[in-house]
**Q** 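Pasting a structure here, questions to come.
Heavy atoms only: backbone and side chains are in, while hydrogens, waters and symmetry mates are out. In this text the structure is predicted, and so the values were computed from the model without any measurement.
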Amino acid sequence: MSVPVIAIDGPSGSGKGTIARRVAAALGFHLLDSGALYRLTALAASRRGVALDDVEALADIARSLDVRFGADDAGNEQVFLEGDDVSLAIRTEEAGAGASTVAALEPVRAALLELQHAFRKPPGLVADGRDMGTQVFPEAGLKVFLTASAEERARRRHKQLKDKGIDVSLAALSRDIEDRDRRDTQRMVAPLRPADDARILDSSGLSIEAVTNTVLDWVGET
Ligand code: DC
């Protein structure tokens, strides 16, 4: 039997990451944070002085990403690039904007495909991103498209960054989120959109528990 995949897609700040982590923990499944791979590609490029329009060099970086995911003793996510802890560096708005730019390049997306497929291991995978249900795992048994109003997403992102000690203004964050939404939905390759067979879930005003339980109920129905 093939390894089950739950795809959770949606725009920035919709809560995908949090929900995907909770659902994966509840089911004992592996987790793929595909956005981190685009963030890592942008970060690796900036470290090597590669311009964000040098498509071939960016695709090479994506193809040979040396990345490891883990958790510290307190259970906080840790991401290592070439052995360096970049857990905080990839979460800055700058890294997010760089990720959104490199994510619009087809050769970069193609280069990351194999790496993403390799996360599909027993007993199952929860994959979070923009195109998990449409491009990377089109055969996923459950596809969730998680949304929330732009204001709520900016507020959540603001809190998330503040908790990590990163200080940004809410207004600047709202502008970043709108810019990123525009780039992610209007790009030519793999634009952000729900798969035809995705279940849409608007998390505005809902608690993390309520959203997690809805997704777990849907898993139970598959
Ligand atoms: O989910 P995130 O904020 O970490 O994603 C960072 C950027 O990467 C986002 O602006 C769009 C892009 N991305 C993508 O194009 N496809 C994915 N599967 C995940 C992220």
**Q** With Arg182, which residues qualify under salt bridge (charged side-chain N to carboxylate O under 4.0 Å, His left out), at least two apart?
**A** Asp179

**Q** Do you know the tightest heavy-atom contact between Ser174 and Ala154?
**A**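 Residues Ser174 and Ala154, closest heavy atoms: OG-CB, 3.5 Å.
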
**Q** Applying a strict under-4.5 Å side-chain criterion to I, L, V, M, F, W and Y, I'd like to know whether Leu40 and Leu32 cluster together.
**A**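 Leu40 clusters together with Leu32.
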
**Q** Scan residues 2-25 for pairs that pass salt bridge (Lys or Arg N to Asp or Glu O under 4.0 Å), counting only residues two or more places apart or in two chains.
**A**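 Salt bridge (Lys or Arg N to Asp or Glu O under 4.0 Å) check on residues 2-25 returns Arg22-Glu209.
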
**Q** What's the shortest heavy-atom distance between Ala7 and Gly133, and which atoms?
**A** CB-N, 3.8 Å

**Q** Indicate yes or no for a side-chain donor-acceptor contact from Arg156 to the backbone of Ser14 under 3.5 Å, with no hydrogens or angles considered.
**A** yes

**Q** With sequence neighbours excluded, tell me which residues meet side-chain hydrogen bond (donor to acceptor under 3.5 Å, both in side chains) with Asp60.
**A**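 Scan of Asp60 (side-chain hydrogen bond (donor to acceptor under 3.5 Å, both in side chains), adjacent residues dropped) gives Arg63.
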
**Q** Is any side-chain N of the basic residue among Arg91 and Asp33 closer than 4.0 Å to the acidic one's carboxylate O?
**A** yes

**Q** Which atoms form the tightest heavy-atom contact between Ser149 and Ser204, and what is the distance?
**A**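 That would be N-OG, 3.0 Å.
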
**Q** Hydrophobic clusters here meaning ILVMFWY residues chained together by side-chain heavy-atom distances under 4.5 Å, can you tell me if Val3 and Phe119 are in one?
**A**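 No, Val3 and Phe119 fall in different hydrophobic clusters.
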
**Q** Counting only heavy atoms from other residues, nucleotides and ligands, does the tally under 6.0 Å from CG of Asp163 exceed 12?
**A** yes

**Q** So does Arg155 pair up with Glu151, basic N to acidic O under 4.0 Å?
**A**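 Salt bridge absent between Arg155 and Glu151.
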
**Q** For Leu170, what are the other residues in its hydrophobic cluster, where any two members join if their side-chain heavy atoms are less than 4.5 angstrom apart?
**A**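 Under the 4.5 Å side-chain rule, Leu170 groups with nothing.
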
**Q** Less than 4.0 Å between a side-chain N and a carboxylate O, is that true for Glu93 and Arg175?
**A** no

**Q** Please enumerate all residues that pass side chain to side chain contact (heavy atoms under 4.5 Å, CB included) together with Asp167, with sequence neighbours excluded.
**A** none

**Q** Among side-chain atoms of Arg130 and Ser12, is any donor-acceptor pair under 3.5 angstrom?
**A** yes

**Q** Would Leu52 and Val55 show up in the same hydrophobic cluster when neighbours are defined by side-chain heavy atoms closer than 4.5 Å?
**A** yes

**Q** Give a yes or no on whether the backbone of Ala210 and the side-chain of Thr214 come within a donor-acceptor separation of less than 3.5 Å.
**A** yes

**Q** Quick check: do Thr185 and Pro191 have side-chain heavy atoms less than 4.5 Å from each other?
**A**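 Heavy-atom side-chain distance check fails, nothing below 4.5 Å.
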
**Q** First locate atom CG of Leu58, then atom CG of Asp53, and finally report the distance between them rounded to the nearest 0.5 Å.
**A**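 Leu58 atom CG to Asp53 atom CG measures 8.0 Å (nearest 0.5 Å).
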
**Q** Quick check for you: to the nearest 0.5 Å, what is the distance between Arg193 atom CZ and Asp184 atom CG?
**A** 14.0 Å

**Q** Starting from Trp218 and following side-chain heavy-atom contacts under 4.5 Å between hydrophobic residues (I, L, V, M, F, W, Y), which residues can be reached?
**A** Ile6, Ile8, Ile19, Val23, Leu27, Phe29, Leu31, Val126, Leu142, Val144, Leu146, Leu201, Leu206, Ile208, Val211, Val215, Leu216, Val219

**Q** Between Arg157 and Asp176 (salt bridge meaning N to carboxylate O under 4.0 Å), is one present in this structure?
**A**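 Answer for the salt bridge query: no.
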
**Q** Do you know the tightest heavy-atom contact between Gly98 and Ala42?
**A** C-CB, 3.5 Å

**Q** Before giving the answer on side-chain contact (heavy atoms from CB on, under 4.5 Å), spell out for Leu81 and Ile90 the whole-Å C-alpha distance, their side-chain angles and the decisive distance to 0.1 Å.
**A** CA-CA 10 Å; Leu81 175 64; Ile90 61 161; over 6 Å; no

**Q** Can you give the donor-acceptor pairs under 3.5 Å from side chains of residues 107-118 to other protein atoms, not counting sequence neighbours?
**A**
unit_1 : atom_1 : unit_2 : atom_2 : d
Arg109 : NH1    : Ala103 : O      : 2.7
Arg109 : NH2    : Tyr38  : OH     : 3.4
Arg109 : NH2    : Asp131 : OD1    : 3.4
Arg109 : NH2    : Asp131 : OD2    : 2.8
Gln116 : NE2    : Leu112 : O      : 3.2
His117 : NE2    : Val136 : O      : 2.9

**Q** Which pairs count as side-chain hydrogen bond (donor to acceptor under 3.5 Å, both in side chains) when at least one residue sits in residues 137-148, sequence neighbours excluded?
**A**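 Passing the test, one end in residues 137-148: Arg120-Glu139, Lys143-Asp197.
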
**Q** Of the non-hydrogen atoms in Gly13 and Arg153, which two are nearest, and what is the gap between them?
**A**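 Scanning both residues completely, I find the closest heavy atoms to be O-CG, 3.2 Å.
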
**Q** Who else is in Phe80's hydrophobic cluster (ILVMFWY, side-chain heavy atoms under 4.5 Å, direct or via others)?
**A** none

**Q** Could you give the distance from OG1 (Thr134) to CG (Leu192), rounded to the nearest 0.5 Å?
**A** 8.5 Å

**Q** Give, for atom OG1 of Thr92 and atom CZ of Arg39, the distance between the pair rounded to the nearest 0.5 Å.
**A** 7.5 Å

**Q** With the side chain counted from C-beta on, respond yes when Thr212 and Thr18 share a heavy-atom pair under 4.5 Å apart, and no when they do not.
**A** no

**Q** Members other than Leu88 in its cluster, when Ile, Leu, Val, Met, Phe, Trp, Tyr link by side-chain heavy atoms under 4.5 Å?
**A**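 Besides Leu88, the hydrophobic cluster comprises nothing; the residue is isolated.
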
**Q** Going by salt bridge (charged side-chain N to carboxylate O under 4.0 Å, His left out), name the residues that satisfy it together with Arg199, two or more places apart in sequence or in a different chain.
**A**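 Partners of Arg199 under the salt bridge (charged side-chain N to carboxylate O under 4.0 Å, His left out) test: Glu221.
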
**Q** Could you tell me which non-hydrogen atom of Ser34 sits nearest to which non-hydrogen atom of Gly129, and how far apart they are?
**A** OG-CA, 3.3 Å

**Q** Per the ring pair (Phe, Tyr, Trp, His ring centres under 6.0 Å) rule, what does the pair list look like for residues 147-179, sequence neighbours excluded?
**A**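 Applying ring pair (Phe, Tyr, Trp, His ring centres under 6.0 Å) to every pair that reaches into residues 147-179, excluding sequence neighbours, yields nothing.
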
**Q** For the side chain of Asp84 and the backbone of Val86, is there at least one donor-acceptor N/O pair under 3.5 Å apart?
**A**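 Judged by distance alone, no pair lies under 3.5 Å.
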
